[in-house]
Structure formats: C-alpha cells, structure tokens
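In what follows, a structure is listed as structure tokens, so that the remarks can point back to it.
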Amino acid sequence: TRSMDRANDRRRPAVGRELGCKRQAGPLGEQGEAPFGVETAASGRASCRQCGTAVPKGALKVVASGWSRGGRIAASHHLACFVGTLRVEVCSTNRGKCKHSGAKFVKGSLRVGYTATAADDIAWLCLESAASLLPPILAQAAGWTPTLLSGFEQLTPELRVAAKRALLGTGGGDASV
C-alpha cells in the first residue's frame, strides 16, 4: 500500500501547480476579502506604485492586491499617496462591479475609486464597501477630510452628505440619485 500511495501522489498535482501555474488564488473581490489593507513596512525595499520612491522601514503602507500577467500581485503605496488618489463619482452606467462585494454598479449611485497596481489603474468600490474598508485607513491619514476627494465638488449636496457619512465611518447607506 505504501508504494500505491507514492504512485497516487505522483499522479495528483501538488497544490499550486495546477496547469503549471504559480500558486492559484481566488478572484479579487470575493465576499469578505479586502482588496487592500494597511501594514507596517518590514523593510525598506518596497516601492510606492504612485510616486516610485521607497517605503521606509517601519512606515505605514497600503498594500493593494490586483492581477498582472495572469497572477495576483501586491502593490505597495505610501499611506499619503493612496489616500491622495481616492476619488468619488456617480456611476454613469450600469456597467462594472465592486472589487470587494462583487455587487454590480447601478447608474446614479456613488462609487469610490482607489489606485490598485499602477498610478493609472483605478479600481472601484460601491459605497457600502467603501464604508466598511476605508474609515480605518483614512483615520490614520493626518488631516484627511472627504472634501479632499477628487470629484467631491461635482457631487450634489445629498450625495456629498452620503459620501461623508460613509468615509468617516458614521454610516453609509444607499446613495442613489
């Protein structure tokens, strides 16, 4: 039986080697999986995808996950660079999905964009996901207010209030026009 076990082990692909690929990862935005998070830089080797400079050891950095060349990558950003590129807008179509919840965007509702893997790569979150993911990160950014969001001034007064509530962690409901 021992020799049969070895033969069976050779026939079964090892975990992470299916189809000759690197470690397999689930799709981005699986329910409950955050597409980014804050961590302390363990070394000074990571470079910010926004400004290109090194993230110093011990500094807070935002790590966003994304896809590149058929695999999942982690892109580091300075906390200030990540927060500085956040944007908000009203969905103009019913196309696209939230990177966290997978919910389809509805025309007229608010969505929040963040830099994913490159300076020009914007990923989008529905307002509910932004309300659950962003307040802890934004609280660590000195001097940040929702009025600093790109696109905030173009919102109607009602949508501004909804965006402020969601991003400050004071409750974010449905924000449809």
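Predicted model, so just to flag it, every value in this text is computed and none were measured. Position 1 is the first residue of the sequence, and the numbers go up from there.
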Self-check item: Closest non-hydrogen atom pair between Ala162 and Leu127, with its separation
Solution: O-CD2, 4.1 Å

Quiz item: Mind checking whether Val63 and Phe36 have side chains closer than 4.5 Å, heavy atoms only?
Solution: no

Quiz item: If only atom types and distance count, is the side chain of Ser109 paired as donor or acceptor with the main-chain N or O of Val106 below 3.5 Å?
Solution: yes

Quiz item: Hey, is the main chain of Leu155 close enough, under 3.5 Å, to the side chain of Arg160 for a donor-acceptor pair?
Solution: yes

Self-check item: hydrophobic_cluster_shared for Val38 and Leu134, side chain cutoff 4.5 Å
Solution: yes

Quiz prompt | Separation between OG1 of Thr147 and NZ of Lys164, rounded to the nearest 0.5 Å | solution = 7.0 Å

Self-check item: Distance (rounded to the nearest 0.5 Å) between Leu110 CG and Leu125 CG
Solution: 12.5 Å

Quiz item: In the single-linkage hydrophobic clustering (I, L, V, M, F, W, Y; side-chain heavy atoms under 4.5 Å), do Leu149 and Leu168 co-cluster?
Solution: yes

Quiz item: Which heavy atom of Val83 sits nearest a heavy atom of Ile137, and at what distance?
Solution: CG2-CG2, 4.4 Å

Exercise. Working to the nearest 0.5 Å, report the span between NE2 of His77 and CG of Leu60.
Key: 14.5 Å

Quiz item: Which pair of heavy atoms, one from Ala163 and one from Phe152, lies closest together, and at what distance?
Solution: CB-CE1, 4.2 Å

Practice problem: Might you work through the side chain to side chain contact (heavy atoms under 4.5 Å, CB included) test for Trp124 and Val112, ending with a clear yes or no? | Solution: CA-CA 6 Å; Trp124 296 97; Val112 178; 5.7 Å; no

Quiz item: Would you say the side-chain atoms of Ser101 pair up with the backbone N or O of Cys98, donor to acceptor, closer than 3.5 Å?
Solution: no

Self-check item: Thr93 versus Arg95, side-chain donor and acceptor atoms under 3.5 Å
Solution: no

Quiz item: Shortest non-hydrogen contact from Phe105 to Cys91?
Solution: CB-SG, 3.7 Å

Quiz prompt | Taking every non-hydrogen atom, the tightest pair across His100 and Pro35 | solution = CD2-CD, 3.9 Å

Quiz item: Any donor and acceptor pair, going by atom type alone, linking the side chain of Arg49 with main-chain N or O of Thr117 inside 3.5 Å?
Solution: yes

Quiz prompt | Nearest heavy atoms of Val55 and Ala41, plus distance in Å | solution = CG1-CB, 4.0 Å

Practice problem: Report the distance from atom CG of Leu148 to atom CG of Leu86, rounding to the nearest 0.5 Å. | Solution: 10.0 Å

Quiz item: Out of curiosity, Ser65 OG to Arg72 CZ, how far, rounded to the nearest 0.5 Å?
Solution: 4.5 Å

Self-check item: Cys81: side chain to side chain contact (heavy atoms under 4.5 Å, CB included) partners, not counting sequence neighbours
Solution: Cys48, Gln50, Cys51, His78

Quiz prompt | Whether Ser47 side chain and Thr53 backbone form a donor-acceptor pair below 3.5 Å | solution = no

Exercise. Before giving the answer on side chain to side chain contact (heavy atoms under 4.5 Å, CB included), spell out for Lys61 and Leu79 the whole-Å C-alpha distance, their side-chain angles and the decisive distance to 0.1 Å.
Key: CA-CA 5 Å; Lys61 67 178 181 175; Leu79 180 64; over 6 Å; no

Quiz item: Nearest 0.5 Å, what's the OG-CZ distance between Ser76 and Arg45?
Solution: 10.5 Å

Self-check item: Check against side chain to side chain contact (heavy atoms under 4.5 Å, CB included), Lys104 and Asn94
Solution: CA-CA 7 Å; Lys104 291 185 178 183; Asn94 288 329; over 6 Å; no

Exercise. Give the C-alpha distance, both sets of side-chain angles, the deciding distance and a yes or no for side chain to side chain contact (heavy atoms under 4.5 Å, CB included) between Arg111 and Glu89.
Key: CA-CA 6 Å; Arg111 65 181 183 174; Glu89 72 178 23; 2.4 Å; yes

Quiz item: Who pairs with Ala116 by side chain to side chain contact (heavy atoms under 4.5 Å, CB included), at least two apart in sequence or on another chain?
Solution: Tyr114, Asp121, Ala123

